[in-house]
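Structure first, then comments.
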Amino acid sequence: MSEQQFEEKAYFKCLFHAMKFPYSPINGVFIGKINDNNNVIITDCVPLFHTTSSIQVTSYIEMALLQIDNLIKKKENNNLIVGYYFSNENQNEISSLSETIPTIHLSIYNKIVQSSFKEAKLWVIDNEKLSKLNKQIVLKPFHLVDNKKMTVQEDVELEKKLKLENLEKMESLIKEERFNKVIDFENHLENLALDYMNKSLTF
C-alpha cells in the first residue's frame with residue numbers, strides 16, 4: 001500500500017469546510033497524484049455538500065464527481081480523485097465509527113475506489129479534536145475491509161509530514177475566519193457563479 005502525504009492546501013481546505021458548517025454533515029473529495037516513489041501526494045480538496053438531503057441524492061454526487069474528474073483531467077497534470085472525506089453533525093459520533101461507516105459515505109467512497117483510484121482512503125474528521133483546535137491531525141484514515149465494514153488505518157507518517165508550523169498557521173487563519181470563504185459544490189448549485197474549486201482561496 002502506498003504512503004499518503006497531505007499538502008497544506010488540501011488539509012486546510014477540508015478542515016475549513018467543516019468549520020464553516022459546524023452543525024451540519026459535510027463531505028468532499030481529495031485530489032492528488034502519484035509521485036516517482038509511487039506515493040500519493042494529496043494536493044487539493046474539493047468540498048461537496050453540507051446538508052444531509054444533498055449528500056443523500058445520488059444524482060448530485062454523480063454530477064459532482066463527473067465535473068471534478070473532467071476539470072482535473074483538462075489540466076493534464078496526472079491528478080485524480082484519491083480520497084473522500086466526511087464529518088457528521090454529531091460532535092461525539094466519531095467514537096462510534098471505529099467499526100462501521102454510514103452506508104451513504106461507504107457508497108460514495110466505493111464509487112471513488114472503483115472508478116478513480118483503488119488505493120483511495122476514506123477520511124473522517126474528528127470533530128472533537130477540531131473543536132478544541134488541538135495541535136494534532138484531526139483526520140482519521142480508513143480503508144476498505146469488506147463491503148460493509150471499515151477498519152481504522154493509522155498513518156503515523158501523515159502526522160510526521162504535516163509539520164507543527166503548518167498547524168499553527170491554520171490556527172492563525174481560523175482567527176481571521178478564512179474558513180467562511182470556502183465554497184462547496186452545494187453552494188455552486190445554488191449560484192453557478194460561485195467557484196467550488198476555490199481557486200481564489202489563499203492560505
Atom pair CD1 (I112) and CD1 (I108), whose distance is rounded to the nearest 0.5 Å: 7.5 Å

Exercise: identify the closest heavy-atom pair between S87 and I125: CB-CB, 3.8 Å

Beyond-backbone contact of M197 with V46, side-chain heavy atoms, under 4.5 angstrom: yes

Aromatic plane relationship, H105 with F86 - under 30° parallel, 30 to 60° tilted, over 60° perpendicular: parallel

Qualifying residues under salt bridge (Lys or Arg N to Asp or Glu O under 4.0 Å), relative to K111, sequence neighbours excluded: E62

Side chain R178, main chain S172, donor-acceptor under 3.5 Å: no

H188 side-chain N/O to L194 backbone N/O, donor-acceptor pair under 3.5 Å: yes

Any donor-acceptor N/O pair, D126 side chain to V138 backbone, under 3.5 Å: no

N/O donor-acceptor pair under 3.5 Å between K20 side chain and I183 backbone: no

Heavy-atom side-chain contact between N27 and I61 under 4.5 Å: yes

Side-chain donor/acceptor of N187 to backbone N/O of D184, under 3.5 Å: yes

Mutual orientation of the aromatic rings belonging to F21 and H17 [parallel < 30°, tilted 30-60°, perpendicular > 60°]: perpendicular

Pairwise distance CH2(W123) to OH(Y84) - rounded to 0.5 angstrom: 15.0 Å

Contact check, side chains of F12 and L201, non-hydrogen atoms, under 4.5 Å: no

Closest heavy-atom pair and its distance - T43, K9: O-CE, 3.5 Å

Y85 vs P47 side-chain heavy atoms within contact, under 4.5 Å: yes

I174 and F16: CA distance, side-chain angles, deciding distance, side chain to side chain contact (heavy atoms under 4.5 Å, CB included) verdict: CA-CA 8 Å; I174 291 169; F16 286 178; 3.8 Å; yes

ILVMFWY network linking L66 to Y60, side-chain heavy atoms under 4.5 angstrom: no

Gap separating the CD atom of Q4 from the CG atom of N39, nearest 0.5 angstrom: 9.0 Å

CG on L106 to CG on L122, rounded to 0.5 Å: 7.5 Å

Spatial distance of atom CG (L48) from atom CD1 (I26) [nearest 0.5 Å]: 9.0 Å

Partner set under salt bridge (Lys or Arg N to Asp or Glu O under 4.0 Å) for K199, not counting sequence neighbours: D195

Result of checking I68, L71, I42, I41 against I31 for side-chain contact (heavy atoms from CB on, under 4.5 Å): I68

Validation row: L139, F6 side chains within 4.5 angstrom (heavy atoms): yes

Under 3.5 Å: donor-acceptor pair, side chain of N198, backbone of Y196: yes

F30/K121 under side chain to side chain contact (heavy atoms under 4.5 Å, CB included): CA gap, chis, key distance, verdict: CA-CA 9 Å; F30 288 118; K121 287 186 180 180; over 6 Å; no

I81 backbone acceptor or donor facing S116 side chain under 3.5 Å: yes

N/O donor-acceptor pair under 3.5 Å between Y109 side chain and A120 backbone: yes

Atom pair CG/CG of N35 and N78 - distance to nearest 0.5 Å: 12.0 Å

Which residues share a salt bridge (Lys or Arg N to Asp or Glu O under 4.0 Å) with D69, sequence neighbours left out: K73

